Amino acid sequence: MNIKEDIRPISYIKANAAEILEQVNETRRPVYVTQNGEARAVLVDTESYENMKKAIGLLKLLTQGENDIVDGKVLSQEDFFSGLDLELDNYDNIKS
């Protein structure tokens, strides 16, 4: 892995877009885009991007769950399933 291949100025990206897209999709490594010597963006392949979105979604759910525990917003397993059974019974009665 050559990190120099993964850092490119915007002018290079503009002139070699097809090559850069091929590199990103083949290597699955991100390409860091610089402008005036500063990192400004990151190009990633679509599969990696979708995987990152899914991972972030799971982390958000974990954080929400941890916050609920800290805030005392929890139910026992028995209470949860009793409530779920009631809701399902109500749904079945409405549907009939």
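All values below were derived from every heavy atom in this structure, side-chain atoms included, with hydrogens, water molecules and symmetry-related copies excluded. When a residue number appears, it is its place in the shown sequence, counting from 1. Please read all numbers here as calculations on a predicted model, not as lab measurements.
When the salt bridge (charged side-chain N to carboxylate O under 4.0 Å, His left out) test is applied to Arg28, the partners found at least two apart in sequence or on another chain are Asp45, Glu47.
Side-chain contact between Val33 and Ile20 is absent, with no heavy atoms from C-beta onward closer than 4.5 Å.
Taking CD1 from Ile94 and CG from Asp89, the interatomic distance works out to 11.0 Å, rounded to the nearest 0.5 Å. In this structure, OG1 in Thr63 is found 10.5 Å from CG in Leu58, a value given to the nearest 0.5 Å. Distance NZ/Lys54 to CD1/Ile56: 13.0 Å, rounded to 0.5 Å.
Here side-chain hydrogen bond (donor to acceptor under 3.5 Å, both in side chains) pairs that include residues 15-26, with residues two or more places apart or in two chains, are Asp6-Gln23, Tyr12-Glu19. Screening residues 71-85 for side-chain hydrogen bond (donor to acceptor under 3.5 Å, both in side chains) gives Ser76-Asp79 as the qualifying pairs, with residues at least two apart or on separate chains.
Clustering ILVMFWY residues whenever any of their side-chain heavy atoms sit less than 4.5 angstrom apart, transitively, puts Tyr32 in a cluster other than the one holding Val24. In terms of hydrophobic clustering, with Ile, Leu, Val, Met, Phe, Trp and Tyr side chains grouped at heavy-atom distances under 4.5 Å, Leu88 and Phe81 are assigned to a common cluster.
The two residues Thr34 and Pro9 have their closest heavy-atom pair at OG1-CA, 3.2 Å.
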